[in-house]
Amino acid sequence: MDVLRITGGAELRGEVRASGSKNAALPIMAASILAGEPVLLERVPKLVDVDTLALLLGHLGVEVKRNAAGTVRLETVDPAPTLADYELVRRMRASFCVLGPLVARRGRAVVSLPGGCNIGTRPVDLHLAGLTALGAEIRIERGYVIATARGLRGATIDLAGPHGPTVTGTANVMSAATLARGRTTITSAAKEPEIVDLGQFLIALGAEIHGLGSDTIEIVGREWLGGATHRVIDDRIEAATLLLAGAIAGGEVRVGGAVAGHLAAVLEVLVAAGVDVECDVDEVSLRSCGRLQPIWAIAGPYPAIPSDVQAQLMAMAAIAGGRSVVGDNVFPNRFQHIDELRRLGARIERRGAECTVDGVGRLSGATVEASDLRASAALVLAALAAEGETTVRRLHHLDRGYERLELKLAHLGAHIRRQRDVAGPRSVGKRSHAAVEREW
């Protein structure tokens, strides 16, 4: 397994571009099951999660080919398979997005209950209730959802969850409804740009969808959907991460593929922290100098701060002057990164779904281990402001959602390198006590 070694203290300067959106590409790839003709997706990022879904789609009879330019071609060559096996679905939650397209297109789906990052309970009840309302018969056996339907029919479906609309649930139900007879109305629908992008892809296939970007989406079902060429939107989470890296390390950075309208809540926090921000058509420039101001940042459903940026904001708060408050109303238990940030010297106290962060003058380099995708990014960002060298382990989390983040940071001037992990997971037992003492 690889590790990142980061020597903090270097200012970041220059320009980088965010890749295509992982959170848009995955449900769009899953929805390609609906297409009766080949699909071409442009700007699909090169990520472990994309590879995992491509492997799953291959098992489901979808041929997936990628060229050097980042275009992925998907074509159903065998419409018979309906089993999405546990060994693949458990790797990431987005795999569950094949459920709706399978039952709508093939009349049957056997999909393992999902896995993914350990960031708290994320039930799929709303997915199942929505598909049941469309006419699917659903049961759960031995950890699998078994859904069957001779033909779906339109319905009115409310997708409100305890912490806001369900994003993947909206993707599943909206995709399935495109082949349902009649009109489907989804209330309390997710409004995220990734859901809008999925809807635009479905429209390109021939679907009739209205209300994208609002909390009410209407779909008029079709008997058949064709193929399409679709360009995946820029990854707003990666763009936010790169901008926060510039704020934390100091300096001036420009991030292409940063759509200000998709990042408004994050940009407001940066401005409140004392960072100069300028927005253009599809890029954001940032200048950070001097001590950052404390922030108040609570993640919520779009257009609020994304939960996927909460950990990175906590890394910024760790070095800001004064006391900050960082919380998460989407996944109230998504705080596994706290202990590792504390290893770097952060002063964080958790109270339920909110944390108080008392900024310190300088973090200290240490060996840390990522617990999930966005936690890994937070540790990398914190290391940019830490004195000495930080080693970030368990990079398989980072590689699930960032296309060689270290290369983009190095291009901006960060002292960061990837290398093979020769020591294994952090453990005094695997190194001599003297070796640990020498680190100090």
Side-chain angles (χ1 to χ4, degrees), residues 22-23 25-39 41 44 47-66 72-118 122-152 166-180 198 201-202 205 224-225 227 400:
K22 172 186 90 86
N23 290 342
L26 295 176
I28 289 173
M29 289 175 65
S32 69
I33 293 171
L34 298 165
E37 297 175 349
V39 165
L41 300 181
V44 176
L47 303 172
V48 171
D49 275 8
V50 170
D51 292 341
T52 298
L53 187 56
L55 185 59
L56 174 60
L57 289 172
H59 283 273
L60 291 171
V62 179
E63 183 181 70
V64 184
K65 294 182 178 179
R66 183 186 191 114
V72 174
R73 184 182 187 276
L74 303 102
E75 180 181 11
T76 297
V77 294
D78 182 2
T82 58
L83 172 63
D85 187 70
Y86 166 76
E87 287 302 325
L88 291 172
V89 179
R90 71 177 179 85
R91 300 183 192 178
M92 65 173 185
R93 187 174 182 80
S95 299
F96 201 67
C97 286
V98 302
L99 177 66
L102 278 176
V103 73
R105 176 72 172 160
R106 304 183 186 180
R108 177 178 169 84
V110 182
V111 181
S112 171
L113 290 169
C117 283
N118 180 24
R122 295 181 287 173
V124 297
D125 299 7
L126 291 172
H127 300 237
L128 306 187
L131 295 174
T132 299
L134 291 174
E137 296 181 2
I138 295 177
R139 66 185 190 275
I140 298 177
E141 294 181 3
R142 295 180 293 174
Y144 283 82
V145 175
I146 302 172
T148 57
R150 293 186 177 180
L152 300 178
T166 166
V167 177
T168 53
T170 301
N172 249 329
V173 174
M174 181 170 67
S175 296
T178 60
L179 292 180
L198 169 62
F201 167 71
L202 294 171
L205 296 182
W224 185 85
L225 297 177
R400 286 186 51 218

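The structure displayed is predicted, hence computed values, not measured ones.
- Between atom OG of residue Ser32 and atom CG of residue Leu41 there is a gap of 7.0 Å, rounded to the nearest 0.5 Å.
- To the nearest 0.5 Å, atom SG of residue Cys97 and atom CE of residue Met174 are 10.0 Å apart.
- Side-chain contact between Leu26 and Ile28 is absent, with no heavy atoms from C-beta onward closer than 4.5 Å.
- For the pair Val110 and Val145, the minimum side-chain heavy-atom distance is 4.5 Å or more.
- Here the closest non-hydrogen pair linking Met29 and Leu57 is O-CD1, 3.6 Å.
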*asked:* Could you walk me through whether Thr170 and Leu198 satisfy the side-chain contact (heavy atoms from CB on, under 4.5 Å) test, starting with their C-alpha distance in whole Å, then the side-chain angles of each, then the deciding distance to 0.1 Å, before giving a yes or no?
replied: CA-CA 10 Å; Thr170 301; Leu198 169 62; over 6 Å; no
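- Of the inter-residue distances, the one linking Arg93 atom CZ with Leu113 atom CG reads 9.5 Å to the nearest 0.5 angstrom.
- A side chain to side chain contact (heavy atoms under 4.5 Å, CB included) with Lys22 is found for one member of Asp49, Val44, Val48 and no other, namely Asp49.
- Val98 and Leu53 make their closest contact through CG1-CD1, 4.4 Å (heavy atoms, listed as atom of the first residue, atom of the second, distance).
- No side-chain heavy atom of Leu83 sits under 4.5 Å from any side-chain heavy atom of Leu60.
- Taking the side chain as every heavy atom from C-beta outward, Pro101 and Asn172 approach each other to under 4.5 Å.
- The structure places CZ of Arg106 at 5.5 Å from CD1 of Ile33, a figure rounded to the nearest 0.5 Å.
- Contact record, Leu102 with Pro81: CD2-O, 4.2 Å, taken as the closest heavy-atom pair.
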*Check the pair Leu88 / Ser95 against side-chain contact (heavy atoms from CB on, under 4.5 Å), numbers first and verdict last.*
CA-CA 8 Å; Leu88 291 172; Ser95 299; 5.8 Å; no
*What's the verdict on side-chain contact (heavy atoms from CB on, under 4.5 Å) for His127 and Thr166, showing C-alpha distance, side-chain angles and the deciding distance?*
CA-CA 8 Å; His127 300 237; Thr166 166; 3.8 Å; yes
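- To the nearest 0.5 Å, atoms OG (Ser112) and CD1 (Ile140) are separated by 10.5 Å.
- The shortest non-hydrogen separation linking Gly227 to Val39 is CA-CG2, 4.5 Å.
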*Report the C-alpha separation of Leu34 and Leu179 in whole Å, then their side-chain angles, then the decisive distance to 0.1 Å, and conclude whether the side-chain contact (heavy atoms from CB on, under 4.5 Å) test is met.*
CA-CA 8 Å; Leu34 298 165; Leu179 292 180; 3.6 Å; yes
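- Between atom CG of residue Leu99 and atom CG of residue Leu128 there is a gap of 7.0 Å, rounded to the nearest 0.5 Å.
- Counting heavy atoms from C-beta on, the side chains of Arg108 and Ile146 come closer than 4.5 Å.
- Listed by first and then second residue, the side-chain hydrogen bond (donor to acceptor under 3.5 Å, both in side chains) pairs that reach into residues 131-140 are Arg139-Glu141, sequence neighbours excluded.
- Looking at Asp51 and Arg400, their side chains never come closer than 4.5 Å, going by heavy atoms from C-beta outward.
- Under the rule for a salt bridge (Lys or Arg N to Asp or Glu O under 4.0 Å), Arg142 has no partner lying at least two apart in sequence or in another chain.
- Taking 4.5 Å as the limit, every side-chain heavy atom of Lys65 sits out of range of all side-chain heavy atoms of Val72.
- Across all their heavy atoms, Gly130 and Val173 have their closest contact at CA-CG2, 4.0 Å.
- Annotation: side chain of Phe96 is not in contact with side chain of Thr168 (no heavy-atom distance under 4.5 Å).
- When every heavy atom of Ala177 is checked against every heavy atom of Leu134, the shortest pair comes out as N-CD1, 4.1 Å.
- Residue pairs meeting the side-chain hydrogen bond (donor to acceptor under 3.5 Å, both in side chains) criterion with at least one member in residues 75-87, sequence neighbours excluded, are Arg73-Glu75, Asp85-Tyr144, Glu87-Arg90.
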